[in-house]
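Please read the structure below before turning to the comments.
Just the heavy atoms: all of them, side chains too, but no hydrogens, waters or symmetry mates, feed the values below.
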Amino acid sequence: MYNSNGAKLIRKGNNFINENRVFHADSTFFNVFSFKTIEGDIKTALNDPNTVVITESAANKYFGTTNALGKIIETNDDKSTLYKVTAVIMDMPTNSHFNADLIFSMDNVNYEWGSYLSHNFHTYLLLRKGTDVKAFEKKFIQYTNTYVLAQAKAIMNIQSMDDFKKAGNKLDYSLIPLTDIHLRSDRSFELSPSGNIQYVVIFSAVALFILVIACINFMNLTTARSAGRAKEVGIRKVLGTDRRYLIGQFLCESTLMAVFAFIVSLGIVYLIFPLFNTISGKQMSFSYLFSFPILLIIIIIPFIVGLLAGSYPAFYLSAFKPIQVLKGKLSIGARSGGLRSVLVVFQFATSIILIIGTIVIYRQLNYIQNKKLGFSKDQVLVIDNTYALANNTTAFKNELVKNSGVINASYSDYLPVSNSSRNDQTFSKEAVIDAKSGLNMQYWTVDDQYIPTMGMNVVKGRNFSSQHLTDSNAVIINETTAKILGYEDPIGKLIYTIDDISTGRMISFTIIGVVQNFNFESLKESIGPLCMRFGKSTGLASFKVKADKASNIINQAEGFWKTMAPGIPFHYRFLDESFDEMYRAEQRIGKIALIFSSLAIFIACLGLFGLAAYIAEQRTKEIGIRKVLGASVTSIVSLLSKDFIKLVSIAFLIAAPLAGWFMYNWLQDFAYRTPLSWWIFLVAAIIALLIAVLTISMQSIKAALVNPVKNLRTE
């Protein structure tokens, strides 16, 4: 499977459409994977060059019918090429590993076949049932020594793969189950952005905690208000009702309440599902909830929650002694009060962990946005697919730079953001590469305006210049490369690389400049070695523009484009948008964490509010006497609040180290990260205390302001 091109221009009528869901596959692809076929022989569909398998959506899009067998699709990626439709398949599910509308024959990929030192393809193996995967993987060692080592020896001064690895290099093959790729793969260049199983586990745990908090609230409030049902229990016991029947009744009540809550929640989920898809960046359908086994799980959950939440109150209430109850001697024992305290601590500990997590995530995102990257990502207009301009690339650029709003303009295939083209190659300080002097690094072909357009700084030497004819054999390296090479002054030094793999012919470049390190990948990665070669690369046009002229420049560029590349779609973006795209996953995590923490705090506050109301009610007589004796409203509020504040303080002491440990490990994923400052914990503690005090104060102030005579009359 090959998808490094990522997109193709497909003709529809007089215009071309830029298709992103495009793959190339070899003739055996459909022997490994099965797809529902609408028409055509899928097993032989890609046996010949210039053939393509399309989905029903693509067939309807380009031919208006799924009866597309034998019809022709024209592409204009490099040059006009005709492909015959040899099969039509059903659309692939949106949550599939493959997400393509057109699968072209691999035979049309213009590639130097036969090299074992290039890895631009995804290879899928269908293993026989019962295959020992670990034993199978060991065979890759023999494969590497037989095929890869032979080619490596031809261009490097090494005798074995051990020599190669001892020098710090790595070249291994391994397997990963297809079903693990999306959530457990750490490999670069997967077919689609990978998820992270850690986030799935963390947010599932958080959701579970929120559910437990809701259950705790139910237990707390039910046992706190047990006096209200004590007489009922006492009378029924006197009349001969068995305790087991009472337990069953209380469990049925809690389960019915959970089922009712489940029905209400389904309606809420239906209403907010579009918002969920927007925040998560997914395209899930509400109907997914009704697929087996998800449906089975969500049906079981309300019964489990109902039984869990109702279990303690059921056993607690049913244990009342009827004689004591009827004599009015029921009191809330220390045992139940102690349990409620533990449950309140648990609720607030969970909330504080979420508050700290949310603050740390947003601080890291802010750090990413504001970190000095070594280049300027602002106001850089990027126009894609400028290959389509063909011989008009220079004219397009020259016409646009006449606009006074254009500061600099450059052509290249490479951008300092992780979703642009990449090209790595092995270089050496010596004319013959050996295991120790070999250096694998990024190798970008750029023009003389690339560095000023991207706002990069040349700290030694100079930039490329079209006035220097020798610059065609010159390179500019970054500071990391200079450090690895060990040159204090690398200007004028030579570095070597392979010009022809088949012959092992080497080519040398003179270092003419050193550019300040810039982050060309995500901040999760350290800045690696990189060099830039002076040359022509016309996949992307980048324009540094003045902010107030950007709109005018875009309109002008589109006008030139329509004239110089008629029928080809015009697509532009700004570099800072591509930069934000790199961290879209973290931004989504931040939003989800904020929603979860808000929800957890809200539910915890509901429970606290109810408990405060109950405590205030229980101490009505005490409050009345204190007011008669001259107690102020402040002192009464303080009296009612201090116990809860103690519990929140205990919750913070438990939550702080746990949250610190979680977020420290999360930050380790970033090579560049914000510190885990002490004030984050202080802010979280203050937020939790403020929320608790405000919640309790509402009830405490209400109780304190009541006329004491009225309070005492109630007794």
Side-chain angles (χ1 to χ4, degrees), residues 1-4 23-29 31-33 97 106-107 109-181 184-191 194 422-443 484 495-507 521 525-526 528-529:
M1 171 68 77
Y2 176 77
N3 78 324
S4 64
F23 293 150
H24 286 266
D26 68 10
S27 59
T28 63
F29 178 75
N31 293 332
V32 177
F33 298 102
H97 173 67
M106 184 81 92
D107 290 342
V109 174
N110 183 17
Y111 191 79
E112 189 176 351
W113 299 100
S115 171
Y116 292 97
L117 297 175
S118 179
H119 304 88
N120 292 322
F121 304 96
H122 299 264
T123 302
Y124 301 90
L125 303 176
L126 182 62
L127 302 182
R128 288 192 176 87
K129 193 174 181 180
T131 300
D132 185 337
V133 175
K134 294 295 180 187
F136 187 83
E137 278 188 314
K138 289 181 180 177
K139 294 183 179 179
F140 289 141
I141 298 172
Q142 182 182 352
Y143 169 86
T144 305
N145 289 332
T146 304
Y147 299 100
V148 182
L149 181 60
Q151 290 194 350
K153 281 182 176 178
I155 58 176
M156 298 178 68
N157 184 22
I158 59 172
Q159 297 304 315
S160 67
M161 291 307 295
D162 286 340
D163 291 342
F164 186 74
K165 292 176 182 176
K166 285 176 183 174
N169 300 301
K170 184 177 181 181
L171 200 160
D172 287 320
Y173 296 96
S174 61
L175 297 173
I176 180 171
L178 185 71
T179 50
D180 283 355
I181 290 177
R184 292 181 171 83
S185 172
D186 58 355
R187 294 163 170 78
S188 303
F189 308 113
E190 293 289 6
L191 291 182
S194 296
R422 288 290 179 265
N423 179 31
D424 61 326
Q425 191 153 326
T426 302
F427 283 79
S428 174
K429 293 166 66 174
E430 309 297 335
V432 177
I433 300 175
D434 59 27
K436 292 184 179 178
S437 68
L439 168 63
N440 203 44
M441 64 177 165
Q442 286 292 305
Y443 177 51
I484 294 174
I495 58 174
Y496 301 83
T497 190
I498 304 155
D499 188 44
D500 187 340
I501 290 179
S502 61
T503 63
R505 187 181 66 207
M506 304 292 287
I507 184 172
E521 299 290 358
E525 310 289 339
S526 300

Thr497/Met506 under side-chain contact (heavy atoms from CB on, under 4.5 Å): CA gap, chis, key distance, verdict: CA-CA 6 Å; Thr497 190; Met506 304 292 287; 5.6 Å; no
Audit row: Leu178, Phe33, side-chain contact (heavy atoms from CB on, under 4.5 Å) steps and yes/no: CA-CA 11 Å; Leu178 185 71; Phe33 298 102; 3.8 Å; yes
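- A distance of 9.0 Å separates CD1 in Ile181 from NE2 in His122, rounded to the nearest 0.5 Å.
- Looking only at distances, a side-chain donor or acceptor of Asn423 sits under 3.5 Å from a matching main-chain atom of Tyr443.
- Residues meeting the side chain to side chain contact (heavy atoms under 4.5 Å, CB included) test with Gln442, sequence neighbours left out: Arg422, Asp424, Trp444, Phe520, Leu530.
- Here the closest heavy-atom approach between residue Gln425 and residue Ile498 is recorded as NE2-O, 3.2 Å.
- Between Asn440 and Pro529, the shortest heavy-atom contact is O-CG, 3.5 Å.
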Test side-chain contact (heavy atoms from CB on, under 4.5 Å) applied to Val32 and Met1, step by step: CA-CA 12 Å; Val32 177; Met1 171 68 77; over 6 Å; no
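- In terms of heavy atoms, Tyr173 sits closest to Phe140 at O-CD1, 3.6 Å.
- Considering CD1 of Ile507 and CD1 of Ile495, their distance stands at 11.0 Å, rounded to 0.5 Å.
- We find the NE2-CZ distance between His24 and Phe29 to be 13.0 Å, quoted to the nearest 0.5 Å.
- A distance of 4.5 Å separates CE of Met441 from CZ of Phe427, quoted to the nearest 0.5 Å.
- In the displayed structure, Tyr143 atom OH is contacted under 6.0 Å by more than 12 heavy atoms of other residues, nucleotides or ligands.
- Between Tyr124 and His97, the ring centre distance stays below 6.0 Å.
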Using distance only, find each side-chain donor-acceptor pair of residues 132-139 under 3.5 Å and give its atom names and separation, not counting sequence neighbours.
from: Asp132; atom 1: OD1; to: Lys134; atom 2: N; distance (Å): 3.2
from: Asp132; atom 1: OD1; to: Ala135; atom 2: N; distance (Å): 3.2
from: Glu137; atom 1: OE2; to: Leu175; atom 2: N; distance (Å): 2.6

